[in-house]
Amino acid sequence: EYFVYLLIQIVSERAMITSLSIEDLIEHRIIQKLMVADCTHSQIAKDVRRHEPTDGQREKVLNKVATFKEPKKTEQGTFQLKPEFYSGYFKYVITHTSQARDKATETWQRQNKGQVYAPPSLLPLLPLFHNLLQVWGNLDFNRVIYFILYHATYTLQTPP
């Protein structure tokens with residue numbers, strides 16, 4: 001199961017090898033973060049810091065995709081994802097643990113009752129990475145992956 005998830009993540013998680021703007025990358029990260037749980041400003045800032053945004057970029061995107069929930073007596077205020085941005089959820093984001101992925105999936109299912117999850121379309125690759133498409137589409141490569149999965153499954157089902 002973990003190997004299949006890894007293959008899906010390798011093929012489809014393109015946030016760092018795409019030609020998107022910094023603001024689009026920040027939006028992607030914030031949506032994925034807020035799908036797991038509501039977060040404080042400092043939690044979001046810590047997670048988005050790796051993209052080196054300016055404070056203005058981060059705040060602009062944060063205000064676009066989230067609403068601020070006022071703090072209660074002893075709690076900090078948190079940001080909550082706006083409903084129209086639930087469609088940006090990507091189940092196979094590489095930075096999520098299996099527990100975080102489960103929480104985010106539950107959040108998505110609560111918001112989209114009765115609907116089947118369909119991942120968003122793949123982001124465009126940078127020209128530097130176009131050769132990857134040839135590797136993934138190569139028949140011999142696909143055969144190797146198939147036999148690896150087949151033998152792993154077969155050996156798990158066969159008693160020693």
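Residues passing the salt bridge (Lys or Arg N to Asp or Glu O under 4.0 Å) test with Lys64 are Glu27, sequence neighbours excluded. For Glu23, the salt bridge (Lys or Arg N to Asp or Glu O under 4.0 Å) partners two or more places apart in sequence, or in a different chain, are Lys60. Among residues two or more places apart in sequence or in another chain, the side-chain hydrogen bond (donor to acceptor under 3.5 Å, both in side chains) test is passed with Asn138 by none. Under the side-chain contact (heavy atoms from CB on, under 4.5 Å) criterion, Pro83 pairs with Tyr86, Gln111, not counting sequence neighbours. Residues passing the side-chain hydrogen bond (donor to acceptor under 3.5 Å, both in side chains) test with Thr105, sequence neighbours excluded: Tyr89. For Gln115, the side-chain contact (heavy atoms from CB on, under 4.5 Å) criterion is met by Trp108, Asn112, not counting sequence neighbours. Thr67 is linked by a side-chain contact (heavy atoms from CB on, under 4.5 Å) to Gln80, Lys82, counting only residues two or more places apart in sequence or in another chain. Checked against side-chain hydrogen bond (donor to acceptor under 3.5 Å, both in side chains), Thr97 has no partners two or more places apart in sequence or in another chain. Every residue two or more places apart in sequence or in another chain that forms a side-chain contact (heavy atoms from CB on, under 4.5 Å) with Phe68 is listed here: Glu70, Pro71, Phe79.
Residue pairs meeting the salt bridge (charged side-chain N to carboxylate O under 4.0 Å, His left out) criterion with at least one member in residues 115-143, sequence neighbours excluded: Asp140-Arg143. Here ring-ring contact (aromatic ring centres under 6.0 Å, His included) pairs that include residues 19-44, with residues two or more places apart or in two chains, number zero. Note on residues 33-43: pairs passing salt bridge (charged side-chain N to carboxylate O under 4.0 Å, His left out), not counting sequence neighbours, are Asp38-Lys69.
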